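Notes follow once the structure below has been shown.
Given the structure is predicted, the values throughout are model-derived calculations rather than measurements. Order of the sequence lines fixes the chain letters, A, B, ..., with proteins taken first and strands second; residue numbering starts at 1 for each chain.
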Number of protein chains: 2
Amino acid sequence: MSNKQLLLIDDDTELTELLSQYLAPQGYELDIAHDGEAGIAQATSGKHYDLILLDVMLPKLDGFEVLKKLRVTHLTPILMLTAKGDDLDKILGLEMGADDYLAKPFNHRELSARIKALVRRMSLLPATSVQQNLKLDDVELSPASQQVFCNGNLLELTGTEYSILHLLMLNHGNLVSKEEISEKVLGRKLAPFDRSIDMHVSNLRKKLAEFNSSEKIKTHRGAGYLYLVEA
Amino acid sequence: MSNKQLLLIDDDTELTELLSQYLAPQGYELDIAHDGEAGIAQATSGKHYDLILLDVMLPKLDGFEVLKKLRVTHLTPILMLTAKGDDLDKILGLEMGADDYLAKPFNHRELSARIKALVRRMSLLPATSVQQNLKLDDVELSPASQQVFCNGNLLELTGTEYSILHLLMLNHGNLVSKEEISEKVLGRKLAPFDRSIDMHVSNLRKKLAEFNSSEKIKTHRGAGYLYLVEA
DNA sequence: CCTCTATTTACAAAAGCTTTACACTCTCTT
DNA sequence: AAGAGAGTGTAAAGCTTTTGTAAATAGAGG
């Protein structure tokens, strides 16, 4: 699995630099915002963050304000950092929706351990499959399970066959060149005399034909393949 | 919402008494164990706990030992308490799987805020991931007691087998890659030529097959495993 | 030392991808 | 209109990678 994405919102450039270097080798990628507004902008930019590290003392918008605004729309775990060791601050932050609270100056290893604990806990969430099924006429393809159904029958496709069908169905009504198929599905440039794609398409047609009368994949000689949809 | 169930493992009767009275009006029901062994017994009794408060200094079995044992089988959030304010202790506890760590003497309101934050965060996870039983066709998995029944027969699964089955069942109908299994269940990146997962799946299938005719775990060559549910 | 698990090793088997071979088709050329 | 040449369909063979699983090994816990 890929690295964990963190967002650090803190105006202390020395600290952000330090943490960035400290956390990188542990498998974290750190984005940095130096004030509250920039922090919110980044957090709501659409990029997914596994965890947000939020300083309390911030220019423009303080940490509590940022926390309050973010919590309206985002459930990303938030670990707050503060210069003050004030208990009331901690309590307030946690009550307002922060997941953890660490007072500066902190032991780097403790921060790292707390980040790890939070990310670990969150990773228990089942991988949300936001991908929805792709259905054209009587063929339905499910990216989540990598299964394809034709008139309700499960097709036993290989990985490559599935990928080619997926690509063609995504581009239904449009011509897809062999070059494109080769690069996107097989991950290599199409070489002269390479017949692999032809073979996969042939097998795919054979399997589709078991449960389907009409020919879905049309050949455009010298150009590529086309997935047909009924008018 | 009904009251939250907490388990407090601490030998200081004065403190347990005090906390019990302090937390009750806030909607928490507190069970108490006064030593490590009793704590484990209670935690694994089958009763569901939303959170476990665990002291480090304990008779019979210290807090770290209890943590280690519980984490083999249970994902219940654990907040550790310690008399020592030692950073290393905190780090160790968090690395070993605790979710939070608070040094004694603590501000009661901070404890309450941290409990609240953890419970709040856990309630965002799908209930099935840590508490509710998960039943798919003739296989039923109980997270609280760590048991799996197949057509009413108890399966003798190892911890790892249980975790893999749990992960697959949580994601039933979705492909789960070996990388994900390795990271979530074994806690390490999948190395090339690592056959551990294959072995666990193989054993799991063998045990499931004892009481079950249909194959539940389908291999998607080069992609991962898929837990099947009947249409 | 014994037991229970997890991991590694080793090898067989299976599955999938590519290549080969040849028939066929389309298009362009003469 | 026939022939040449390139592109395509597909069966079959060959090769590689991945998987299943038994057995050996390593390790933790008692």
Side-chain angles (χ1 to χ4, degrees), chain A residues 146 148 155-165 168 175-179 181-210 215-226, chain B residues 36-37 40 60-62 64-73 96-97 146 148 155-165 168 175-179 181-210 215-226:
Chain A
Q146 293 205 11
V148 178
L155 299 186
E156 299 280 344
L157 301 187
T158 70
T160 306
E161 286 159 10
Y162 167 85
S163 298
I164 290 177
L165 181 61
L168 291 177
L175 195 61
V176 183
S177 70
K178 285 194 186 180
E179 284 76 12
I181 297 175
S182 182
E183 286 179 24
K184 290 192 177 164
V185 174
L186 305 179
R188 62 170 187 250
K189 283 225 160 28
L190 183 65
F193 309 112
D194 187 336
R195 309 298 314 285
S196 287
I197 304 217
D198 305 68
M199 278 313 306
H200 290 302
V201 171
S202 171
N203 293 329
L204 199 44
R205 281 172 169 154
K206 208 186 302 173
K207 290 178 183 178
L208 279 168
E210 287 174 35
E215 187 62 72
K216 301 288 186 191
I217 301 174
K218 183 158 192 252
T219 305
H220 273 221
R221 194 185 176 81
Y225 294 98
L226 174 69
Chain B
E37 283 177 10
I40 288 188
K60 294 195 183 174
L61 217 55
D62 81 25
F64 291 118
E65 291 298 316
V66 174
L67 173 64
K68 208 192 294 178
K69 291 203 181 217
L70 279 183
R71 270 291 172 268
V72 175
T73 53
M96 282 170 64
Q146 187 78 17
V148 178
L155 297 187
E156 302 275 346
L157 302 186
T158 70
T160 306
E161 286 159 9
Y162 170 85
S163 299
I164 290 177
L165 182 62
L168 291 177
L175 197 58
V176 183
S177 68
K178 284 194 186 180
E179 285 77 12
I181 297 175
S182 182
E183 290 185 22
K184 289 192 177 170
V185 174
L186 305 179
R188 60 166 188 255
K189 287 228 188 305
L190 182 65
F193 308 113
D194 187 336
R195 309 299 312 286
S196 287
I197 309 245
D198 304 66
M199 278 312 306
H200 290 301
V201 170
S202 173
N203 293 330
L204 200 43
R205 279 174 170 154
K206 211 184 301 173
K207 291 178 184 179
L208 279 168
E210 288 173 33
E215 188 62 74
K216 301 290 184 191
I217 302 173
K218 188 173 183 213
T219 305
H220 272 223
R221 176 173 263 258
Y225 294 98
L226 175 69

| message | Main chain of S182(B), side chain of R188(B): is a donor-acceptor contact present, judged purely on distance under 3.5 Å? | response | no
| Rounded to whole angstroms, how far apart are CD on E156(B) and P on dT3(C)? | 17 Å
| note | When rounded to whole Å, the CE to P distance for the pair M199(B) and dC4(C) reads 17 Å
| task | Ignoring the backbone of D198(B), work out which of dT7(C), dC17(C), dT21(D) is nearest its side chain. | result | dT21(D)
| task | Establish, with yes or no, whether the OP1 or OP2 oxygen of dA23(D) is under 4.0 angstrom from a side-chain nitrogen or oxygen of R195(B). | result | no
| request: Respond yes when some side-chain nitrogen or oxygen of K69(B) is under 4.0 Å from OP1 or OP2 of dG29(D), and no when none is. | output: no
| Within the structure shown, what part of the strands sits under 4.0 Å from N203(A) by heavy-atom distance: base, sugar-phosphate, or nothing? | nothing
| request: Look at K68(B) and dA28(D) and indicate whether a side-chain polar atom (N or O) is within less than 4.0 Å of OP1 or OP2. | output: no
| field | Between CD on residue E161(A) and CE on residue M199(A), distance to nearest 0.5 Å | value | 9.0 Å
| said: I'd like to know if R205(A) reaches the base of dG9(D) with its side chain, counting only an N/O donor and acceptor under 3.5 Å. | reply: no
| task | Measure the distance from CD on E215(B) to P on dG20(D) and round it to the nearest whole Å. | result | 9 Å
| task | May I ask you to test the L157(A)-K207(A) pair for a side-chain heavy-atom distance under 4.5 Å? | result | yes
| said: Less than 4.0 angstrom between a side-chain N/O of K206(A) and OP1 or OP2 of dA11(D), yes or no? | reply: yes
| request: Using a 4.5 Å cut-off on heavy atoms from C-beta on, say whether the side chain of L165(B) contacts that of V148(B). | output: yes
| request: Between A223(A) and S202(B), just flag the one whose closest nucleotide in DNA chain D comes earlier from the 5' side. | output: A223(A)
| field | Residue-phosphate contact under 4.0 Å: K178(B) side-chain N/O, dT18(D) OP1/OP2 | value | no
| task | Could you state the atom-to-atom distance from CD1 of I181(A) to C1' of dT8(D) in whole Å? | result | 13 Å
| message | Under 3.5 Å, is there any donor-acceptor pair linking the side chain of R221(B) to the base of dT18(D)? | response | yes
| request: Would you please confirm or rule out a distance under 4.0 Å between OP1 or OP2 of dA6(C) and any side-chain N or O of T160(B)? | output: yes
| H220(B) side chain near dT19(D) phosphate (N/O to OP1/OP2, under 4.0 Å) | no
| Between C1' of dC4(C) and CD of E161(B), the distance in whole Å | 11 Å
| field | Along DNA chain C (nearest heavy atom to each residue), the more 5'-positioned of G159(A) and F193(A) | value | G159(A)
| query | Any side-chain N or O of T158(A) under 4.0 Å from OP1/OP2 of dC17(C)? | reply | yes
| Hey, is the side chain of H200(A) poking within less than 4.0 Å of OP1 or OP2 on dT18(C), counting only N and O atoms? | yes
| request: Mind running side-chain contact (heavy atoms from CB on, under 4.5 Å) on I181(A) and Y225(A) for me, showing each step along the way? | output: CA-CA 9 Å; I181(A) 297 175; Y225(A) 294 98; 4.1 Å; yes
| message | Output the rounded distance in Å from CD1 (I217(B)) to P (dT21(D)). | response | 11 Å
| Closest nucleotide of DNA chain D for V201(B) versus for G224(A): which of these residues is on the 5' side? | G224(A)
| Under 4.5 Å between any side-chain heavy atoms of T219(A) and R205(A), yes or no? | yes
| field | Electrostatic pair K218(B)-E156(A), nearest N-O below 4.0 angstrom | value | yes
| Can a side chain N or O of T219(B) be found less than 4.0 Å away from OP1 or OP2 on dT18(D)? | no
| Base, sugar-phosphate alone, or nothing: which one does S196(B) contact when heavy atoms must sit under 4.0 Å apart? | base
| message | Output the rounded distance in Å from NZ (K207(A)) to C1' (dC17(C)). | response | 12 Å
| task | Taking only the side-chain nitrogens and oxygens of Y162(B), find out if one of them lies under 4.0 Å from OP1 or OP2 of dA6(C). | result | no
| task | Report the distance from atom NZ of K218(B) to atom P of dA14(C), rounded to the nearest whole Å. | result | 17 Å
